[in-house]
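Worksheet for the structure shown next.
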Amino acid sequence: MNDKIRLRFAPSPTGPLHIGGVRTALYNYLFVKKMGGTLILRIEDTDQERYVSGAESYIIESLQWLGMNFDEGPEIGGDFGPYRQSERKSLYGKYAQHLIDNGYAYYAFDTAEELTAIRKEYESRKETFRYDGITRQQLKNSLTLSAEEVEVILASGAPYTIRLKIPRDEEVLINDIVRGEVVFQTNELDDKIMLKGDGMPTYHLANIVDDHLMKISHVVRGEEWLPSTAHHILLYRFLGWEDTMPQFAHLPLILRPNGKGKLSKRDGAKFGIPVFPISWEGENPEDSFEGFREFGFMPEAVLNFLAFLGWNPGTEQEIFSLSELAEAFTLDRISKAGARFDFEKASWFNQQYLIQTDNAELGKLLKPFAKEKGYEVSDEYLTAVAGMMKERVNALPEVIETGYYFFEPIREYEEKMIRKKWNPDRKAALLALNEQLENLPDYQAEKLETSTKEYLEANSLGFGDVFPFYRIALSGTTKGPALFEMMEALGTAEVKKRLLTAFPAFDEVFAKKINS
RNA sequence: GUUCCUGUGGACGAAUUGGUUAAGUCACUGCUCUUUCACAGCAGAGAUUACGGGUUCGAGCCCCGUCGGGAAUACCA
């Protein structure tokens, strides 16, 4: 165990965990496993207005389903808790005070309404307002007001915020593991709020304080944080923690399937694809989503797919178990450009996992999907169906959908082949063959095949004379699993029944053909 | 608008870090196998490495500019 390597995944419980967040969690997880470090789950719930109950348990359930285990966290415990920022509220004040006392921050008394009014005014002039080293001189804060005035306001109990006092004319250098050196000019930075009017810290303060207190060694997070990293570095400096500052790695964005913009929650519905790990019940239908799990994806496949969205091992291997990923993973092979979310590729990964998964296991996974459709069948039967169908589908529900004929009567017979080759005279041969097969001591795929071959030979018939019709009678389509395997699964009685129901339908097609 | 990030076939992306013929996978097309579909195997098509300059014996890789894409710009994270 390397106790110097400590990473955290720090989602905020404002809704379901989006697939980009899952990838961030995954990269944190992989690096920790690779290095033998510690992985921490920290809930960043400093915004009570956007807080959504159930989001935290959703996050934990998702992570569990995916098989990513954490070493420290709200439910798990650990020596650096509590792991919810709301429960750490009392901690942050003294650091904000430290900033004030050392001249790195100041009190600001502008109300939210006043600020939005100013922003609007700037906007009407096609400018963007920024609370910074220039504009703060015109605003209501402890830098412009006299010490006495500030005393009075503070004593009155009126709400205030604490803002970071960004120095003028300096450069802040970020040394990012994936981006290299990035330089920001402090004159371009705004005086970000550290402590909000309600006494809660903002992300920026809480994040830095907690990362320091929790001895975080590496911050692996999304690219959207890169612009505020300069503020974070300044904070480490002002708090006197610069020498133990974590290393940063900013992950590339995940882009929408059409390449325009970053993948968002609503893209799931828009493109008919999952963008969440598991389903989420929102307050109304448009806030509810199905996840990869409900789409019938295997967690290993989702992880494997996600791992390759912005990273690759540099070898030709593509199928990796979670532990193999951890073994191969390095931060420096993370790519810089945003990666497009390609659902077809995700499906391919899933199919690969489906194929390599044991049939009995798949049968078990299939059960809830079968139940949903009202199919009550044995585990053995589901296992057999899974075995026959897994190479032919991308996701589990498809087994039930395209293989519906394993569970209910044929809905429709594919007419093309019937029209082309069917002749009512063939009934006799099919029936005779079927009778021969029914009387076999063992109604099993291989036996059925040899027996059929014997029959065909004895009656000088070809495969094409009986096969297509047998197949259509049993499944309604010319596509699908091997015929004899289907027969074995269906059983003699069902096969016979399907044959007899099919014949009138075939004849009808034949009659239509003659009459036209 | 401003700041920052980014740009290799349709998609993901490789290229011993400046060394000559730009991998591989997904998707697409064809062939083989197969009673069908799929899987698998083989083959094919698809790229002036966004564009323009520069440095160099040599540039996908370094520098400058242009253009495109993205993110940030909240008392949200």
Side-chain angles (χ1 to χ4, degrees), chain A residues 10-14 44-47 49-50 85 108 110-112 115-116 119 122-123 125-131 159-163 174 176 178-179 182-185 187-190 192-204 206-207 221-230 250 252-253 255 257 259-262 305 308-319 335-349 351-352 355 388-393 402 414 417 449 452 462-468 470-472 475 477-484:
Chain A
S12 72
T14 54
E44 309 226 323
D45 54 350
T46 53
D47 185 356
E49 288 192 9
R50 291 209 309 155
Q85 288 183 329
D110 325 86
T111 66
L115 289 174
T116 44
R119 284 207 172 82
Y122 269 65
E123 215 169 294
R125 297 202 308 262
K126 286 199 187 299
E127 283 173 39
T128 306
F129 170 73
R130 190 167 60 203
Y131 207 123
Y160 62 88
T161 62
I162 293 180
R163 282 182 182 271
I174 299 167
D176 190 273
V178 344
R179 316 268 150 190
V182 181
V183 182
F184 283 89
Q185 306 298 324
N187 292 3
E188 301 292 341
L189 270 27
D190 65 328
K192 283 212 187 305
I193 290 181
M194 297 290 105
L195 217 55
K196 301 188 262 189
D198 63 2
M200 272 287 195
T202 56
Y203 169 89
H204 308 287
N207 193 265
R221 59 172 22 166
E223 181 182 287
E224 66 270 23
W225 292 109
L226 191 54
S228 51
T229 304
H250 286 96
L253 258 15
L255 273 18
K260 300 251 178 232
K262 78 167 172 182
F305 164 65
F308 275 74
L309 234 44
W311 173 87
N312 75 83
T315 64
E316 288 183 10
Q317 184 182 349
E318 289 210 283
I319 302 297
S335 46
K336 296 177 184 149
R340 206 161 295 192
F341 185 87
D342 182 3
F343 188 64
E344 294 208 53
K345 188 85 183 207
S347 297
W348 177 80
F349 272 110
Q351 186 187 39
Q352 296 297 309
I355 290 171
M388 284 184 276
M389 295 298 289
K390 66 179 184 180
E391 283 177 4
R392 280 160 253 269
V393 298
T402 65
E414 209 174 89
M417 176 61 77
E449 184 168 2
T452 300
F463 279 115
D465 296 323
V466 290
F467 260 79
Y470 226 135
R471 173 181 287 289
I472 294 174
S475 70
T477 168
T478 54
K479 300 174 182 176
L483 179 58
F484 300 111

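When the P atom of B/rA71 is taken as reference, atom CZ of A/R221 falls 17 Å away, rounded to whole Å. Atoms CZ (A/F463) and C1' (B/rC37) sit 17 Å apart, rounded to a whole Å. For the pair A/L115 CG and B/rA74 C1', the interatomic distance rounds to 10 Å; values are reported in whole Å. To the nearest angstrom, C1' of B/rU3 lies 15 Å from CZ of A/R179. In this structure, the NZ atom of A/K192 is 8 Å from the C1' atom of B/rA72, given to the nearest Å. A/L195 places its CG atom 11 Å from the P atom of B/rC76, with the value rounded to the nearest Å. Atom-to-atom, CG of A/L309 to P of B/rU6 comes out at 18 Å; the value is rounded to the nearest Å. Note: CG (A/D198) to C1' (B/rC75) measures 7 Å, nearest angstrom.
In a base pair of the Watson-Crick type (N1 to N3 plus N6-O4 or O6-N4) or a G-U wobble (N1-O2 and O6-N3), with each distance short of 3.5 Å, B/rG65 is matched with B/rC51. Here B/rU36 sits opposite no nucleotide as a Watson-Crick or G-U wobble pair (both hydrogen-bonding atom distances under 3.5 Å). With both pairing distances under 3.5 Å, B/rU21 is matched to nothing as a Watson-Crick or G-U wobble pair. Nucleotide B/rA71 has B/rU3 as its partner under the Watson-Crick or G-U criteria, with both atom distances under 3.5 Å.
Within the nucleic acid shown, A/P257 has no heavy atom closer than 4.0 Å to any nucleic acid atom. Using a 4.0 Å heavy-atom criterion, one finds that A/A482 contacts the bases of the nucleic acid, with or without backbone contacts as well. Using a 4.0 Å heavy-atom cutoff across all strands shown, A/G197 reaches at least one base atom of the nucleic acid. Nucleic acid contact class of A/A112 (heavy atoms, under 4.0 Å, all strands): base. Within 4.0 Å of A/T14, counting heavy atoms only, lies no atom of the nucleic acid at all. Nucleic acid contact for A/F184: sugar-phosphate only, since backbone atoms but no base atoms lie under 4.0 Å from a heavy atom of the residue. Within the nucleic acid shown, A/D110 comes within 4.0 Å of at least one base atom, counting heavy atoms only. Counting non-hydrogen atoms under 4.0 angstrom, A/K126 reaches nothing in the nucleic acid. Residue A/G462 is out of contact with every strand shown, counting any heavy-atom pair closer than 4.0 Å. Using a 4.0 Å heavy-atom cutoff across all strands shown, A/L253 reaches sugar-phosphate atoms only and no base atom. Heavy atoms of A/G222 sit nowhere under 4.0 angstrom from any nucleic acid atom. Heavy atoms of A/V393 sit nowhere under 4.0 angstrom from any nucleic acid atom.
At B/rA38, none of the side-chain N or O atoms of A/Q352 fall inside 4.0 Å of OP1 or OP2 (strictly under the cut-off). OP1 or OP2 of B/rG13 sits under 4.0 Å from a side-chain N or O of A/S335. Remark: A/R119 is in phosphate contact with B/rA74, judged by side-chain N or O atoms under 4.0 Å from OP1 or OP2. Residue A/K196 places at least one side-chain N or O closer than 4.0 Å to OP1 or OP2 of B/rA77. Between A/N207 and B/rA77 there is no side-chain polar atom (N or O) within less than 4.0 angstrom of OP1 or OP2. For B/rU73, the OP1/OP2 oxygens have no side-chain nitrogen or oxygen of A/S228 closer than 4.0 Å. Distances shorter than 4.0 Å separate none of the side-chain N or O atoms of A/R130 from OP1 or OP2 on B/rU2.
Straight-line distance between the P atoms of B/rU17 and B/rA27: roughly 34 Å, to the nearest whole Å. Taking atom C1' in both B/rU34 and B/rC39, the straight-line distance is 11 Å, to the nearest Å. Nucleotides B/rG13 and B/rG54 place their C1' atoms 29 Å apart, quoted to the nearest Å. Rounded to whole Å, the C1' atom of B/rA59 lies 10 Å from the corresponding atom of B/rG19. Comparing the same atom, C1', in B/rC62 and in B/rG18 gives a spacing of 8 Å after rounding to whole Å. Taking atom C1' on both nucleotides, B/rU73 is separated from B/rC63 by 30 Å, rounded to a whole Å. The gap from the C1' atom of B/rC67 to that of B/rG53 amounts to 14 Å, rounded to the nearest Å. One P atom belongs to B/rC12, the other to B/rA71, and the distance between them is 16 Å to the nearest Å.
A salt bridge links A/E188 with A/R130; the closest basic N to acidic carboxylate O contact falls under 4.0 Å. Using a 4.0 Å cut-off between charged side-chain N and carboxylate O, A/E223 and A/K262 make no salt bridge.
For a distance-only test at 3.5 Å, the side chain of A/R340 fails to qualify as a donor-acceptor partner of the base of B/rC12. The base of B/rC76 is paired with the side chain of A/R50 by a donor and an acceptor separated by under 3.5 Å.
Taking the ring centre of A/Y122 as origin, the terminal cationic atom of A/R119 falls outside the region bounded by 6.0 Å and 45° from the ring axis.
Here the CG atom belonging to A/N207 is positioned 7.0 Å from the CD atom belonging to A/Q85, to the nearest 0.5 angstrom. In this structure, the separation between OG on A/S335 and CZ on A/F308 is 11.5 Å, given to the nearest 0.5 Å.
Nearest-nucleotide assignment on RNA chain B puts the 5′-proximal partner with A/K390, out of A/K390 and A/P11. If A/L189 and A/V178 are placed on RNA chain B by their nearest nucleotide, the residue sitting closer to the 5' end is A/L189.
At a cut-off of 3.5 Å, with distance as the only test, no side-chain donor of A/Y203 or A/D47 sits close to an acceptor on the other residue. With no hydrogens or angles considered, a side-chain donor-acceptor pair links A/R221 and A/T229 at under 3.5 Å.
Closest heavy-atom contact between A/K196 and A/P201: CE-O, 3.4 Å.
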